[in-house]
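Values in this document were obtained by computation on a predicted structure and should not be read as measured data. Naming: A, B, ... by sequence-line order, numbering from 1 per chain. When reading the values below, keep in mind they use all heavy atoms of this one structure, side chains included, and skip hydrogens, waters and symmetry mates.
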Amino acid sequence: MDNEELLKILESTQEEENDRLKVGPEEYDPGETLAQLSDGVLIEYIANLSQDPRKDFTREEYFRDKEIKQREHDEATRQERGEIHPPIFAGCTIYINGYTKPGRLQLHEMFVSYGGNFLHYLSGKRKITHIVATNLPLKKRLEFRNYKVVRPEWITESIDQEKLLPWQNYALSWDQEQKNLQFKAASPPPSDTIDCKDPNFIQNFFENSRLHHLSNWKADLRSKFLNDTFTKPSPGDSLSIFHIDFDCFFATVAALSCNTCDIDRDPIVVCHGTKSSDIASCNYVARKYGIRNGMWVSRAKTLLPPDVELVCLPYNFEQIENKSKIFYEVLKDYEIKFDLILPISIDEAVCVIINNHSIEPIDCDQICRDVRSQIWEKTKGCTVSIGCSDFLVLSRLNLKLAKPNGYRVLTQDQLTKDEQFWDDFLAKFSIDDLPGVGYSIVSKLRADNPELDNLLQLKQYYHNSLPLLQKCVGKKTGNKIFSFLQGKDDQESSRMIYQPEEFFARKSLSIEINWGIRFDTVQEIDDFIDSCAVYLVRKLIDLNKKTSQITMKLMRRSAHAPIEPAKYLGMGECDALSHTSRLGIPTSEVGVIATELKCTFRLLACPPKELRGVGVQFNKLVEVSSSVGGQQDKLRLPFQKTLNFELFNNLPNDVKADFSKELKRRDIIITGGPSVRSSRPTTYQERFMEELPTQIRNEVKHDMRITEKIKKTKLSELREQTRKKKESIKNVRAHLLGRESLFEPIKFQKETRFKDICKIVLDWVDATLIDGPHEKDLELFETYLDRLSDANRVPLILRISKLISTRLNLKSNYHGEDSGFQEWERFLLTVIIPKLNKNKHTFQTVRKLDIDFDL
DNA sequence: CGAGGCGCCCAG
DNA sequence: CATCGCTGGGCGCCTCG
């Protein structure tokens with residue numbers, strides 16, 4: 001496309017925009033709008049209007065107004081109906097162009113009730129994620145050519161299926177020919193091309209991830225357990241504990257639906273691939289050759305003799321769920337009622353009978369035989385093994401000996417009465433057969449005594465010296481292992497039996513994806529973060545909970561690790577970066593959470609192409625019921641209910657009356673006195689942008705948009721304020737001056753330190769916004785920047801300047817007039833920015849190699 | 001010296 | 001073709017007041 005054509009398009013769209021603007025304001029009803037705003041939003045709104053120097057109040061303000069109004073209205077509709085739909089469109093904002101079927105109103109209603117945002121006007125095209133249309137004239141086609149233009153079916157079919165379908169499948173074809181072709185092709189979703197940039201990636205990944213299923217099933221079973229009734233034993237009760245576990249569950253299920261293999265003769269594994277694929281489960285024939293769960297297929301193949309072929313079977317998650325359901329039903333319906341059926345996982349449960357002395361003693365052997373045969377029959381071919389005892393750890397050890405396809409009943413008395421018998425028993429187990437003892441703890445124990453191999457040796461080595469063991473592995477772990485070696489459970493282990501409701505209660509919610517993560521741009525990652533937020537919030541709402549603390553964990557390719565690791569699309573060797581945000585207020589709003597996460601991602605400064613994994617955790621969960629009502633509204637207001645007179649006075653005359661009425665109705669007082677605000681933030685921003693090299697202006701703008709969003713949510717302001725209270729200015733200053741070496745030992749090879757420095761600098765900025773930074777500190781800081789510059793690490797300077805600028809931007813409302821703020825602004829503009837400009841040329845090349853925050 | 005945060009560890 | 005390396009909770013160690 002040549003320049004002239006481009007210009008034409010630009011002009012024409014501008015005209016159209018203007019046309020639209022002329023009609024807009026007639027529908028404006030300020031009274032109605034204002035009444036729908038919360039106090040905090042109202043006050044901020046007035047402040048914004050008053051601050052804006054371009055005071056014609058017909059364009060931007062009108063649309064902003066309209067938008068707020070619309071959103072509040074949508075929210076109200078959503079709540080009035082009391083219908084709770086999954087927020088499948090969360091994070092999406094649409095604009096509907098022209099005639100559609102179903103009609104505009106219907107689509108609007110559908111879209112917002114499923115969590116989407118709707119814009120009546122193309123006020124700022126940037127905010128829109130999708131444009132909905134059935135056909136577009138040529139002019140519009142060009143105008144929208146960089147947007148996701150979809151057919152209305154995208155909305156209706158997504159709602160039908162209750163999930164966000166990939167818009168690509170509903171993209172409006174540019175010409176009729178193509179459209180016809182598409183209909184003929186009947187385009188089934190090409191499932192093999194789903195990568196992490198696809199909106200359905202997470203769903204697709206989870207559908208195939210065994211570990212995700214294991215975690216998910218476990219959570220479901222726990223929640224089911226809590227909804228059931230059970231009899232809780234008291235300490236001192238005599239118990240019979242049955243630890244029941246399927247034998248190589250996944251492999252058995254897979255083999256059952258495969259009629260060409262023999263589970264007793266062929267070495268069978270369950271896996272996705274042929275080389276670097278994890279073995280989820282292997283049968284006992286395979287184990288005979290040394291094959292283990294978790295091993296890669298390629299390795300397993302090397303363990304077999306040349307004439308034996310490994311049988312790789314696919315996962316059959318559906319049948320696994322099915323057999324597990326039968327398993328739990330058998331346990332529940334068993335004729336001698338279990339007092340507790342504690343779910344350990346999809347294929348494993350601990351059943352407890354409280355021995356009541358008034359009735360005949362139970363026959364544990366008989367129960368084991370009954371349960372085993374019933375499960376064998378009802379699952380049509382799955383075997384379970386059972387370990388039974390009167391203590392959890394002993395049941396587990398018995399189970400280990402019972403496997404495969406057997407059972408074993410031995411009480412603590414029987415096991416430990418005779419010391420020789422007990423020693424022989426212990427000698428049968430390796431150290432990591434103890435529950436809670438894995439690779440790392442074994443290594444610690446071996447560091448003390450490399451000879452340690454089995455539990456008997458472990459017992460003999462630490463003999464009666466608990467302190468020695470605790471010194472090696474820690475207090476509680478030492479205590480636990482020591483108890484186990486006596487054939488007893490420690491307190492923590494038995495909590496599952498004695499306080500099951502507390503033990504099984506959910507305390508956190510998280511998502512983690514460390515496979516298939518290969519992004520190029522921040523925008524793609526933003527979309528991905530949105531998907532994560534939507535996924536988690538959906539669960540959060542299901543749980544009827546809100547969260548007040550969010551942790552983001554990123555996996556970043558280690559500097560020396562190859563770009564592509566051995567495992568296809570695997571994460572390879574990574575450094576973990578993490579950051580926790582306190583929200584101040586519990587929330588379940590996907591927008592707030594997603595914005596916070598996107599900010600956090602920027603703070604962690606992981607170059608998009610280096611990203612190999614993303615994790616998000618909601619750490620502090622609170623019941624929704626405890627945070628609704630008036631309390632929340634109060635918390636939402638970081639301001640007192642007063643309004644500065646000058647702010648009010650600055651308003652255009654025609655709207656003053658409306659506000660006046662509304663303020664009176666709400667008892668908001670207008671206070672006198674000179675204004676504390678000016679329009680400087682705008683100036684500051686413009687100046688800053690002006691100074692930046694053009695090629696990075698866009699990305700700064702992008703970041704600022706995110707920051708703007710945060711401002712709107714209010715949460716961050718509140719958070720910053722509460723955080724600030726805790727901060728001691730003195731401490732930070734002492735930190736910088738006291739350790740003059742702070743900027744000294746920067747090892748440029750090791751970038752993790754840069755993150756810390758960013759953190760410190762931001763804290764420093766926060767703490768000195770009022771009184772200003774110490775001259776000496778600034779000097780040191782400048783020296784540090786110079787050294788970065790000398791070492792060709794200009795991107796780092798860019799990053800730090802961006803962090804400072806966004807921080808200042810965020811704070812401008814509160815500290816714009818403070819001398820500290822001004823001092824920082826001066827430093828940014830006169831010291832840091834010139835360094836960036838000076839390095840423009842090197843910067844471009846370095847940037848390609850190092851960070852790639854392109855837009 | 002207790003509370004709380006961070007990160008490692010473990011299980012299935 | 002590959003491949004689907006999750007997720008929740010405990011514990012140890014550190015820092016902060």
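- Contact annotation for A:Asp278: backbone-only contact, meaning every heavy-atom pair under 4.0 Å involves sugar-phosphate atoms and none involves a base.
- Closest approach to the A:Ser276 side chain among C:dT3, C:dG12, C:dC4 is made by C:dT3 (side chain taken as heavy atoms from C-beta onward).
- Between C:dT7, C:dG8, C:dG12, one nucleotide has an atom nearer to the side chain of A:Lys475 than all others, and that is C:dG12.
- Under 4.0 angstrom from either OP1 or OP2 of C:dT7 there lies at least one side-chain N or O belonging to A:His212.
- As a whole-Å value, the separation of A:Trp515 CH2 from C:dC6 C1' is 14 Å.
- Applying the 4.0 Å criterion to OP1 and OP2 of C:dG5, one finds that A:Arg612 has every side-chain N and O outside that range.
- For residues 541-561 of chain A, no residue pair satisfies the ring-ring contact (aromatic ring centres under 6.0 Å, His included) rule, not counting sequence neighbours.
- When heavy atoms are screened at a 4.0 angstrom cut-off, A:Thr274 is found touching the sugar-phosphate backbone but no base atom.
- For A:Lys620, a side-chain nitrogen or oxygen approaches OP1 or OP2 of B:dG5 to under 4.0 Å.
- In this structure, of C:dC4, C:dT3, C:dT7, it is C:dC4 that holds the atom nearest to the side chain of A:Ser209.
- Going from atom CZ of A:Phe201 over to atom P of C:dT3 covers 15 Å, rounded to whole Å.
- When the P atom of C:dG8 is taken as reference, atom CG of A:Asn216 falls 9 Å away, rounded to whole Å.
- Taking atom CG of A:Leu540 as the reference point, atom P of C:dT7 lies 15 Å away to the nearest angstrom.
- The two atoms that bring A:Ile550 and A:Asn619 nearest to each other are C-ND2, 4.1 Å, heavy atoms only.
- Atom NZ of A:Lys197 has more than 12 neighbouring heavy atoms from other residues, nucleotides or ligands inside a 6.0 Å radius.
- Residue contacts shown for A:Gly572 include a base, since a base heavy atom lies under 4.0 Å away.
- Closest to the A:Thr477 side chain, of the nucleotides C:dG8, C:dG12, C:dC4, is C:dG12.
- Using a 4.0 Å heavy-atom criterion, one finds that A:Ala280 contacts no nucleic acid atom at all.
- Rounding to whole angstrom units, CG of residue A:Leu536 and C1' of C:dT7 are separated by 11 Å.
- A side-chain donor from one of A:Lys539 and A:Asn216 sits under 3.5 Å from a side-chain acceptor of the other.
- Of the two residues contacting DNA chain C, namely A:Lys476 and A:Asn514, the nearest-nucleotide position lying further toward the 5' end is that of A:Asn514.
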- Query: When every nucleotide of nucleotides 7-12 of chain B is labelled 5' to 3' by its protein contacts under 4.0 Å (heavy atoms), B for base, S for sugar-phosphate only, - for none, what sequence of letters results?
  - Reply: S-SSSB
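- Using a 3.5 Å distance cut-off with no hydrogens or angles, the side chains of A:Thr580 and A:Thr551 do pair a donor with an acceptor.
- Around atom NZ of A:Lys507, more than 12 heavy atoms belonging to other residues, nucleotides or ligands sit under 6.0 Å away.
- Residue-level contact check: A:Lys480 touches neither bases nor backbone, having no heavy atom under 4.0 Å from any strand.
- Comparing A:Lys567 and A:Arg506 by the nucleotide of DNA chain C that holds the closest heavy atom to each, the one mapping nearer the 5' end is A:Lys567.
- Residue A:Glu492 has its side chain nearest to C:dC11 when only C:dC11, C:dC6, C:dG8 are considered.
- In summary, A:Arg495 and A:Glu492 engage in a salt bridge, as defined by a charged side-chain N under 4.0 Å from a carboxylate O.
- Per the geometry, CD1 belonging to A:Ile517 stands 14 Å off P belonging to C:dC4, to the nearest Å.
- Residues A:Tyr462 and A:Asp448 have side chains that bring a donor and an acceptor to within less than 3.5 angstrom of each other.
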Enumerate donor-acceptor pairs with a distance under 3.5 Å from any side-chain N or O in residues 217-227 of chain A to protein atoms, sequence neighbours excluded.
{"residue": "A:Trp217", "atom": "NE1", "partner": "A:Glu321", "partner atom": "OE2", "Å": "3.2"}
{"residue": "A:Asn227", "atom": "ND2", "partner": "A:Ser223", "partner atom": "O", "Å": "3.4"}

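- Taking atom CE of A:Met295 as the reference point, atom C1' of C:dT3 lies 19 Å away to the nearest angstrom.
- Here C:dG9 presents its P atom at 16 Å from CD of A:Gln499, a figure rounded to the nearest Å.
- A:Gly570 comes within 4.0 angstrom of a base, heavy atoms only.
- Contact annotation for A:His272: base contact, defined as any heavy-atom pair under 4.0 Å involving a base atom.
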